[in-house]
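Right, one structure below, let's go through it.
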Amino acid sequence: DYIKSSYPQEHNFTLGGELKFTLGISPAELESGNHEESSGSILRRVLGKGIASAIRIDSIGFEVVIAKLMLNEVDEGVTEFNVEFNMSPKETMQYDQVERAAKKINAALSQAMNDGDMALAIGSAAKSELAWIPEVRDRVVEEFFFDEDITDNEGESRIGDVLDTLDDEDDFEAQRDSEEKDLPKSKKTHPKSGKEFDGPFGMPGDTIYAKDDIFLGGGNGGVFPDYSENGKNSAPFKGELGPILLDAAMQRAVQRQPRVIAIGDVHGCIDELQSLLRRCDYSPGDLIVFLGDLVSKGPDSLSVVQMARELGAIGVRGNHDFEVIRWHQAIKSGADPPVIGSEHYQIASTLSKADLRWMYSFPWYLSSKELNALFVHAGFVSGIRLGKQNPRLMMNMRSILPDGTVTSKFFNNWPWARLWDGPQTVLFGHDADRGLQQYEHAIGLDTGCVYGGRLTACILPEKRLVSVNAKREYFQYRRKHFD
């Protein structure tokens with residue numbers, strides 16, 4: 001209940017609320033360059049405007065005042081914000097009006113937090129704040145708009161935080177640490193005249209955006225379209241093609257009564273992929289949908305990508321596919337090779353232009369109304385609209401804990417899929433720890449082929465499962481398990 005006190009005789013009362021979130025910016029950075037006004041007063045103004053906008057407080061007849069703001073640097077460059085705010089009516093109200101207003105505000109706050117509108121509204125308020133120097137303002141706006149990977153010591157995030165965050169470590173934790181150090185600052189390059197431009201596959205001369213900008217500045221010429229509700233208009237075909245590409249492909253082959261063959265994480269296992277397609281009795285007209293992570297760890301990533309593209313397959317973006325694309329962006333930005341060998345760099349360096357274009361086309365997820373199905377690499381958070389799902393979560397999540405924490409780690413008793421209540425059935429990969437997963441509205445198909453397990457497919461619409469054994473263990477399995 002947000003009502004802290006009420007005085008029906010004098011009609012003088014205050015409603016109160018609290019916010020708690022973290023941003024990847026230090027208090028010192030917030031203070032830098034602000035000589036005429038303290039960062040505290042600027043933050044109070046930004047937060048007040050953002051909260052008021054998110055819950056449309058003017059329409060209820062109230063105004064927002066930040067009562068208390070505490071900043072705590074929880075890690076180097078990471079600040080925890082504890083915000084207490086009051087809401088007071090602009091005019092005198094009767095007590096029954098107060099009760100109705102409190103209910104509206106509670107509902108508006110809950111919806112703004114769940115839908116992510118609170119973060120967007122505060123980010124918009126920060127973007128229009130002129131008291132900050134541009135460098136500080138841009139850093140704050142980036143934190144609110146681009147869902148930075150701000151984590152605690154356990155690499156976890158909470159759905160209820162203003163920003164959905166995630167520790168996106170995967171099986172290549174040690175390798176990733178070295179890769180992150182080697183990825184250079186972005187440079188701007190232009191193709192030489194007379195030579196065919198070979199990427200990044202926006203327009204020649206496009207700005208190369210920072211590696212941690214997951215939408216690459218709103219699309220980068222359509223390379224990484226933002227299909228969220230706020231970005232649809234700038235996405236290709238106004239956001240209508242990417243997520244429903246599957247239905248379009250099915251319509252083209254409808255005369256052949258096609259099947260859809262969803263395949264779990266291949267990880268470069270070309271022999272097993274060929275065997276699986278034979279066992280599925282694949283024939284032209286069938287549509288293959290890869291659930292991400294076609295590459296890395298296994299024996300022949302290049303052949304897997306080439307074969308998949310030539311078969312007319314489609315897929316969703318896995319975390320390893322994303323690393324390859326990031327390295328290709330870095331290479332085309334003028335990056336030097338990494339000091340320590342990186343498989344993602346090698347794959348990005350040797351894939352053909354046609355294969356890279358194909359990988360760039362992968363959306364975060366695919367949806368089919370005809371099959372009543374969704375296809376994603378890692379998973380979804382139940383209760384959040386598809387357009388509001390966090391791309392990093394869709395590529396990395398494995399577990400949702402009882403307190404709402406979303407994490408990429410394997411917690412044995414808390415798979416995210418147990419919470420998915422449909423109505424669409426989700427087909428996903430990424431979670432080799434749990435192997436084949438079957439729930440009422442979710443099917444997990446990563447059965448650890450690259451670790452010596454099996455490669456598994458699900459044939460739709462009948463939901464028939466088919467799998468083949470791995471020829472051998474290609475990559476040593478390592479994973480910390482949690483209870």
Side-chain angles (χ1 to χ4, degrees), residues 20-22 74-75 78 80 113-114 147-177 264-265 267 291-293 297 316 318-320 322-323 364-365 374-384 389-422 425-454 456 475-483:
K20 183 177 180 181
F21 57 92
T22 56
V74 295
D75 200 355
V78 179
E80 181 181 77
M113 296 295 290
N114 291 336
D147 287 322
E148 293 293 318
D149 287 338
I150 308 164
T151 63
D152 60 20
N153 292 331
E154 297 300 322
E156 298 167 352
S157 66
R158 295 184 186 279
I159 301 171
D161 289 348
V162 171
L163 292 178
D164 286 327
T165 58
L166 175 70
D167 165 28
D168 60 352
E169 69 174 350
D170 190 39
D171 304 305
F172 54 93
E173 292 96 342
Q175 180 183 0
R176 169 110 184 214
D177 289 341
D265 300 34
H267 282 298
L291 298 177
D293 280 1
K297 302 183 181 180
V316 294
N319 49 306
H320 286 275
F322 185 56
E323 292 299 317
W364 307 116
Y365 69 91
L374 295 167
F375 304 81
V376 71
H377 179 58
F380 294 114
V381 178
S382 186
I384 298 179
Q389 295 282 338
N390 185 330
R392 296 188 192 276
L393 295 176
M394 287 188 276
M395 290 191 297
N396 292 279
M397 64 185 292
R398 289 189 178 89
S399 306
I400 299 180
L401 305 186
D403 64 356
T405 299
V406 183
T407 176
S408 64
K409 292 180 171 60
F410 171 80
F411 284 82
N412 186 46
N413 296 320
W414 308 109
W416 71 266
R418 71 185 174 84
L419 299 175
W420 183 258
D421 53 3
T425 297
V426 178
L427 290 96
F428 65 100
H430 187 62
D431 195 355
D433 279 292
R434 294 187 174 95
L436 180 65
Q437 300 180 62
Q438 298 184 75
Y439 300 89
E440 183 178 1
H441 296 292
I443 303 173
L445 296 177
D446 185 1
T447 46
C449 180
V450 76
Y451 307 116
R454 302 176 68 84
T456 301
F475 193 90
Q476 187 174 0
Y477 188 75
R478 63 180 189 276
R479 168 67 61 191
K480 292 181 180 179
H481 287 226
F482 300 85
D483 293 329

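These values consider heavy atoms only, across backbone and side chains, with no hydrogens, waters or symmetry-generated copies.
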Output the distance between atom [atom1] ([X]) and atom [atom2] ([Y]), rounded to the nearest 0.5 Å.
X      : Y      : atom1 : atom2 : value
Arg454 : Leu445 : CZ    : CG    : 13.0 Å
Leu419 : Phe380 : CG    : CZ    : 14.5 Å
Gln389 : Ile384 : CD    : CD1   : 5.5 Å
His377 : His320 : NE2   : NE2   : 7.0 Å

[X] to [Y] - nearest heavy-atom pair and separation:
X      : Y      : value
Asp265 : His430 : OD1-N, 3.0 Å
Trp364 : Val376 : O-CG2, 3.7 Å
Leu291 : Leu427 : CD2-O, 3.6 Å
Arg434 : Phe410 : CG-CE1, 3.2 Å
Phe411 : Leu401 : CG-CD2, 3.6 Å

Say whether, by atom type as modelled, one donor and one acceptor occur between the side chain of [X] and the main chain of [Y] under 3.5 angstrom.
X      : Y      : result
Asp431 : Ala378 : no
Ser399 : Lys409 : yes
Thr456 : Thr447 : no

Self-check item: Set of residues satisfying side-chain contact (heavy atoms from CB on, under 4.5 Å) with respect to Glu80, sequence neighbours excluded
Solution: Lys20, Thr22, Asn72, Val74, Asn82
Quiz prompt | side-chain contact (heavy atoms from CB on, under 4.5 Å) assessment of Arg398 paired with Ser408 | solution = CA-CA 5 Å; Arg398 289 189 178 89; Ser408 64; 4.3 Å; yes
Exercise. Apply the test side-chain contact (heavy atoms from CB on, under 4.5 Å) to residues Val381 and Met397: give CA-CA distance (whole Å), side-chain angles for both, the deciding distance (0.1 Å), then the verdict.
Key: CA-CA 9 Å; Val381 178; Met397 64 185 292; 4.0 Å; yes
Quiz item: Can you find a pair of side-chain heavy atoms, one from Phe322 and one from Pro391, that are under 4.5 Å apart?
Solution: no
Quiz item: Can you check whether Leu374 reaches Thr425 side chain to side chain, under 4.5 Å on heavy atoms?
Solution: no
Quiz item: Given Phe428, which of Trp420, Tyr365, Trp416 fulfils the ring-ring contact (aromatic ring centres under 6.0 Å, His included) condition?
Solution: Trp416
Practice problem: Quick one: sort the Tyr451 and His267 rings into parallel, tilted or perpendicular, breaks at 30° and 60°. | Solution: tilted
